[in-house]
**Student:** 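One structure, as structure tokens, below. Some questions next.
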Amino acid sequence: MKDLLFIDKMLTTRIITIVYWLMLLFAVLTGISAIRILDGFIGLLTGLVIMALSACLARIFCECFAVIFKCYEELKEINSNQAPSK
């Protein structure tokens, strides 16, 4: 509960993981619906392409945000390791 009330620890990295899994689920459901709507080989091909591209884009999108927060954590660690200069 303390982690939620104070901003000492980042909660966003966990949220990014949840968003990533939701985006993957959406990609699969969109691909399946494309396969069902479009009949035949074109529907199958379109659905698989939608699934693959959506999964890649979801990964890239979430990794960009994760990198930002990882950089913040590393900078925070570097700052805490530095001795105060006088």
**Student:** Decide if atom OH of Tyr20 counts as having more than 12 heavy atoms of other residues, nucleotides or ligands within a radius under 6.0 Å.
**Tutor:** yes

**Student:** Would you give the length of the straight line joining atom CG of Leu24 to atom SG of Cys62, rounded to the nearest 0.5 angstrom?
**Tutor:** 8.0 Å

**Student:** What's the separation between atom CD1 in Ile50 and atom CG in Leu29, rounded to the nearest 0.5 Å?
**Tutor:** 12.0 Å

**Student:** Drop me the distance from Leu53's CG to Thr30's OG1, to the nearest 0.5 angstrom.
**Tutor:** 12.5 Å

**Student:** Specify the closest pair of heavy atoms between Ile16 and Ala66, including all atoms of both residues, with the distance to one decimal.
**Tutor:** CD1-N, 3.9 Å

**Student:** Going from CD1 on Ile78 to SG on Cys71, what distance comes out if it is rounded to the nearest 0.5 angstrom?
**Tutor:** 9.5 Å

**Student:** Can you measure from CD1 (Ile15) to CG (Leu22) and round to the nearest 0.5 angstrom?
**Tutor:** 11.5 Å

**Student:** Would you name the heavy atoms of Gly47 and Ile35 that are closest together and state the gap between them?
**Tutor:** CA-CG1, 3.7 Å

**Student:** Any side-chain heavy-atom pair from Leu57 and Phe61 closer than 4.5 angstrom?
**Tutor:** no

**Student:** Determine, using the 4.5 Å side-chain heavy-atom cutoff (strictly less than), whether Ile32 and Leu48 are members of one ILVMFWY cluster.
**Tutor:** yes

**Student:** In terms of hydrophobic clusters joined by side-chain contacts under 4.5 Å, are Phe69 and Met23 together?
**Tutor:** yes

**Student:** Between Met51 and Ala27, which heavy-atom pair has the shortest distance, and what is it?
**Tutor:** CG-O, 3.6 Å

